[in-house]
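Data block below; observations after.
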Amino acid sequence: MLGLLVGLLTAGLGLGPASASASTDGSASTDSLAPTDGSANANASSAQSTDTGRPPAGQTVVFGIPGLTIDDIDPERTPNLFHLLSEGAAANLNVRTIGSATCPASGWLSFGAGARAQAGPSPIAEDADPDDSARCPTMIAPTTDGSVDDEDGAASAKETANSDEAHGDESAAGTTTARIEGFDAVKEPNIGSGYSVDYGMLARAVTEAGSAVPAGTDATDADSLLEPCVAAEGPGAAYAAADEDGVVTNFTDDALATDCRLGVVDLGAIGIRSWLFDPIPNYSYTVPPNYDRETRVAEADRRLGVRLQEVRENAKDGAADPTIIVAGLGDSSGLPQLRAFIASGPGFEPGSLSSATTRTPGLLQITDLAPGILDVLEVDSPRAVGFDSTPTDDDPQQRIDDLVAEAQKSTTIHQNLSTFSITLDVIFYILFIACAVLLNRSILGRRGGATRASHVHRFLGRVSLGVAALPMGAFLAGLLPWSRMADPGLGLFLSVIGTAAVLFVLALIPPWGRTWRGRVGALAGANLLILAADLATGSHLQANSLLGYNPIVGGRYYGLGNQGAAIFIVSLFIFLGLVVSWLRTRGHRKAVIIVPVVVGLAAVFVSGNPSWGAKFGGTIAILAGLMVLLALLSKIRLTLLRLALIGLSSLAVLIGIAFLDWLRPAGARSHFGTFFDQIVTGEALQVVGRKLGANLHIIQVNPALAIVTPLAAIAILIFLRYLLHFPRVHAGSRTGRLVNKWRGRLPQLFTDSDLHYGFLAAATGLGVGLVLTDSGVAVPSTGAMVLLPFLLALSAEHAEEAHR
């Protein structure tokens, strides 16, 4: 079975024997594998040296405007931004770094490093609102005089001067070497954060790439070649270009007047009072008391227009057109949102942009920008990620409306997520209490309650079936255009309720709707089919879902999320338990094993295929639960040793798949290959520590969901499993009186061993998911919210006998 599984997942990776062997052939591996997602870094040098027909590349300029959103762009208020978007490609930009909201300094630092980073120190602003906890550090302007702030450091001053002098020899014409004093304080928040930050990676990669003259270039064209450097203008740009010592090799007052291949310009941030300090008109970092967002956006557009005119005036004769990039590198308030990204110039047709890391048209993340720009410059980068363009014939305003609708969807989901989670918590505990009441014969026996208990039980069964449909309703809501309604929050609520109601009605339709087992089986099967179909077609329902992942948070952009994995696991094994029970009653003995193997391996493939689910820990959880189910169905006694072997075998299979995924180019890898690369580079322990920290954060934010829910689920499963076979004790003793109150209620359901095995396999999968997945606390928590309603709905089949 494991051999078959490896073959299926290898096929999903798309690694045939030829590509796999080529990938292991040292330096030749990148040449033998075709680059994906528009990346051409591996062959950039050779292409440049042989192409004699094209002119030298024009300058690439990145204008940073933290806080800018696609919704800010308007043909009248922001004509320059609208013109750039009309001629080029655009996307919503996730700017999440470390923390829930991203200050401009953190955005600039992350942009230059191509990795998540947070900038310090904590700011102190006299005019800040003391009741507003949202604060951003003041940007430290670089100094060019070689001075230092060390009071006792003659030696330090000498070292600094020597270092600046050395970098000064590398500065391009029109630039100078500058230093961000106190840069250690800027870097301090990243120490122990679990993220590796390569400060100034973008600037260093451009410089180290050097300049290449295409063969056959005449003297006129040679004069048009640009220098391999990054000119930084403004404090934000300095943060992006600074190395680990805070040294900016090419700092300037006018990046557009230099001959550097890449210019980075800080146009200032768009923010609100007490969030940003000293902003527009001086690089947007003192929001005046009379702050007006539309006025600030218009000012940023005016500045952009002035600089675009300079780009045209400074363009070299004989060179290609310049490439213009505008990015909202940070948030403008404590409310995180998706920001704007626009790219115009050679290679960028009107349309949307994405990357291999998001796999979503019209969506980029801030860590994509540096490697994407390097790809535009045909410079190799540590991460072979390029911009993937999707051209369109839609008019500019339609493209803006579509991106705004997606951004609004993300914002609404982000704002309503806690409300939805609390609602599910409350519903779960109400059902949990109802379950306890149904189990206790002494409570039901008072005042004739037992005579009405069966009716209450069946009513709760219907309620539970409806509750079990809610999680999938949260996914199916993505099929409806609720974000375009006047009130997106109301639209989201109605969409979730409406799609859940449709699922509930489908579960009641004959022939399966005639029995409780048929209803639960239909709902569990529908969950499986919907999730599998979604993952196979790009996981569009997972994105921007109340139980999926949110682009603003940026923890995941494609594949199977934690909460989706929990629903998938529970639905799979409850469905298999019901199907096996049905097959056994009809005498299909061989099918009792064959069907779980086929369906289970298909589920593992859907979850583990890097092009579909790409769920590392969730796939191990499914495989472990499947092996437990097959062992129980085969009457194999499960010892601790055998359970450990099941776990190790599941882990070994997934490590092998991760290795195969790692053999692919960096830009084409999924989470599997990325994790294996972290093992190779020694970063795995750091990443694991960060994931454990995320679990602790969930426990801190929502202890009801994180602790009580999984404990309650485990308690129910153990209680229902062993109560049926609880050792008899003397009825007159205290223990006997306690036990006899609970004996024989609800466990009638588990007299069917096949169904019981399905519940045990689901519990196994949720337990493994708790340990092995990112933020794994959410797996058993969400799983319990489907498992318990399924349990109560199935138990309604025995309502009469349970209350005799």
Side-chain angles (χ1 to χ4, degrees), residues 61-97 101-108 110-111 136 139 233-237 239-240 264-272 275-276 279-285 287 291-308 324-344 352-353 362-366 368-369 373 396-397 399-408 410-411 551-552:
V61 184
V62 178
F63 294 101
I65 311 176
L68 181 70
T69 67
I70 295 292
D71 196 27
D72 290 325
I73 301 175
D74 179 83
E76 295 182 359
R77 187 175 64 252
T78 59
N80 297 297
L81 285 167
F82 186 84
H83 179 72
L84 283 177
L85 186 144
S86 300
E87 294 188 339
N92 285 309
L93 178 65
N94 166 273
V95 295
R96 177 82 172 233
T97 57
T102 301
C103 290
S106 300
W108 280 108
S110 300
F111 164 63
C136 278
M139 302 282 280
E233 176 187 336
Y239 272 50
V264 182
V265 180
D266 181 358
L267 284 182
I270 300 166
I272 62 173
W275 170 254
L276 303 176
I280 290 176
N282 296 317
Y283 290 113
S284 292
Y285 304 107
V287 178
Y291 167 79
D292 178 76
R293 181 176 181 84
E294 290 191 0
T295 300
R296 297 303 160 187
V297 170
E299 169 64 15
D301 183 79
R302 185 195 66 77
R303 289 186 179 193
L304 177 64
V306 172
R307 304 314 303 275
L308 290 177
I324 305 299
I325 293 175
V326 178
L329 299 174
D331 288 310
S332 58
S333 68
L335 175 64
Q337 295 183 55
L338 295 177
R339 302 299 166 181
F341 181 86
I342 305 171
S344 178
S352 63
L353 291 172
L363 181 63
L364 294 169
Q365 59 175 326
I366 195 169
D368 294 332
L369 303 190
I373 290 170
Q397 190 58 54
R399 291 162 52 205
I400 290 175
D401 292 342
D402 291 341
L403 289 172
V404 168
E406 289 301 310
Q408 181 62 61
S410 300
T411 301
I552 292 177

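The shown structure was predicted, so the numbers you read here are calculated from the model rather than taken from an experiment.
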* Structure fact -> Correct closest heavy-atom pair for L85 and P396 would be CD2-O, 4.0 Å

* Asked: Given the rule in the side-chain contact (heavy atoms from CB on, under 4.5 Å) test, do I325 and F341 qualify, once you have shown the distances and angles that lead to the verdict?
  -> CA-CA 7 Å; I325 293 175; F341 181 86; 3.4 Å; yes

* If we only count heavy atoms from C-beta on, is the L329 to R339 side-chain gap below 4.5 Å? -> no

* To do: Take L369 and L93 through the test side-chain contact (heavy atoms from CB on, under 4.5 Å) and record every step on the way to the result.
  => CA-CA 10 Å; L369 303 190; L93 178 65; 4.0 Å; yes

* **E87 side chain near I324 side chain, heavy-atom distance below 4.5 Å** => no

* Asked: Looking only at heavy atoms, which two atoms of Q397 and P75 are closest? And how far apart?
  -> OE1-CD, 4.0 Å

* Only counting residues at least two apart or in another chain, list the ones meeting side chain to side chain contact (heavy atoms under 4.5 Å, CB included) with S410. => L338, N544, N550, P551, I552

* side chain to side chain contact (heavy atoms under 4.5 Å, CB included) partner of F82, chosen from D74, I400, I342 -> I400

* **4.5 Å side-chain heavy-atom contact, D266 and Y239** => no

* Is E406 close to N92 at the side-chain level, that is, under 4.5 Å between some pair of heavy atoms? -> yes

* Asked: Ignoring hydrogens and geometry, is there a side-chain-to-backbone donor-acceptor pair from S110 to S106 under 3.5 Å?
  -> yes

* What is the minimum heavy-atom distance between P66 and W108, and which atoms define it? -> CG-NE1, 3.8 Å

* To do: Could you pull out the closest heavy-atom pair between V95 and G328, with the gap in Å?
  => CG1-O, 3.2 Å

* **Side chain to side chain, D301 and P79, heavy atoms closer than 4.5 Å** => yes

* Asked: Between E294 and R77, which heavy-atom pair has the shortest distance, and what is it?
  -> O-CD, 3.8 Å

* Asked: Stepwise, does the side-chain contact (heavy atoms from CB on, under 4.5 Å) test hold for D72 with T78?
  -> CA-CA 8 Å; D72 290 325; T78 59; 5.6 Å; no

* Structure fact -> Rounded to the nearest 0.5 Å, the CD atom of Q337 sits from the CD1 atom of I70 at a distance of 12.0 Å

* **By ring-ring contact (aromatic ring centres under 6.0 Å, His included) - contacts of F111 (at least two apart)** => none

* Does the pair R296/E299 count as a salt bridge with the N-to-O cut at 4.0 Å? -> no

* How about Q365 and D368: do any of their side-chain heavy atoms sit closer than 4.5 Å? -> yes

* Asked: How many angstroms lie between CG in L68 and CZ in F63, if you round to the nearest 0.5 Å?
  -> 13.0 Å

* Gap between atom CG of D401 and atom CG of D71 - 0.5 Å precision -> 9.0 Å

* Between A300 and L267, what is the shortest heavy-atom contact and its length? -> O-CD1, 4.4 Å

